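To start, the structure under review is shown below, and the notes come after it.
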Amino acid sequence: MMNKERLKRVITEMKKLGLKQILVSDDPSIFWLTGRIVNPMERCGAILIKDDGDVHAFMNNLFCFAPLDGVTMHYYADGENPYKLIADELVPGPVGFDKNWASKHTISILKERNDIIPEFGSEPIDICKSHKDESEREALRHAAKINDMAVEFGINHISPELDELTLSNMIEEFLKNTVLFKTSSCNMYVTEKMPLNLITGL
């Protein structure tokens with residue numbers, strides 16, 4: 001579900017910066033807001049946030065991105081134009097674009113409208129993510145414990161007989177079997193080989 005408290009904080013920062021609408025496309029930022037991982041790769045996947053609290057999500061059917069409470073969902077199939085879907089929901093004037101979004105997406109949206117002005121739009125979420133709430137601080141403490149366990153296990157098992165890959169696999173197997181790791185929301189790290197900051201959203 002959409003984290004309403006975080007959304008509220010983002011909108012507050014948008015208003016401070018004079019941004020009426022931003023497009024969030026960075027996967028860690030989407031995860032931070034929704035608890036969902038998109039990983040769109042070359043496809044278009046984004047969330048539009050307006051300063052009045054109106055929120056829209058634009059997702060390819062292949063993402064299997066389930067509806068979110070309070071969010072207007074827009075789905076498209078390969079071969080359809082997601083940029084027109086986005087452009088139709090924008091109001092004239094500045095639009096904050098994610099700093100990490102490939103330029104092909106930004107340009108494709110700009111080609112759909114001649115009354116919008118691209119602006120850097122990552123700052124509201126970047127500011128909010130830099131000020132951790134208690135749940136985020138606890139997630140960081142938990143991740144640090146897992147990291148400490150992995151490092152300690154690795155140091156204790158380093159041997160001339162082991163190559164790097166074998167030791168890495170041993171560490172992963174060790175983490176899979178620990179209670180600390182099994183109870184962690186980060187347990188996808190071992191099976192999916194994804195960076196820990198993407199899983200925690202921090």
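In what follows, every heavy atom counts, from backbone to side chain, and hydrogens, waters and symmetry copies are set aside. Here the structure is a predicted model, which is why all the values come from computation and not from measurement.
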4.5 Å side-chain heavy-atom contact, [X] and [Y]:
X	Y	answer
Val24	Ile30	yes
Leu167	Asp163	no
Arg141	Glu138	yes
Ile47	Met59	yes
Asp27	Pro40	yes
Pro118	Leu110	yes

Has [X] got a side-chain atom pairing as donor or acceptor with [Y]'s backbone, closer than 3.5 angstrom?
X	Y	value
Asp98	Ser25	yes
Lys132	Leu140	no
Tyr83	Lys111	no
Ser108	Lys104	yes
Arg9	Ile125	no

What do you reckon, is NZ of Lys84 surrounded by more than 12 foreign heavy atoms closer than 6.0 Å? no
Taking CD in Glu89 as the centre, count heavy atoms belonging to other residues, nucleotides or ligands within less than 6.0 Å. Is the count above 12? yes
Got a salt bridge between [X] and [Y], using NZ or NE/NH1/NH2 to carboxylate O under 4.0 Å?
X	Y	answer
Arg43	Asp78	yes
Glu134	Arg137	yes
Asp69	Lys4	no
Lys8	Glu13	no
Asp52	Lys20	no

Are side-chain N/O atoms of Glu112 and Asn81 paired as donor and acceptor at under 3.5 Å? yes
Which residues pass the ring pair (Phe, Tyr, Trp, His ring centres under 6.0 Å) test with Tyr76, sequence neighbours left out? none
Results of ring pair (Phe, Tyr, Trp, His ring centres under 6.0 Å) for Phe58 - residues two or more places apart only: His74
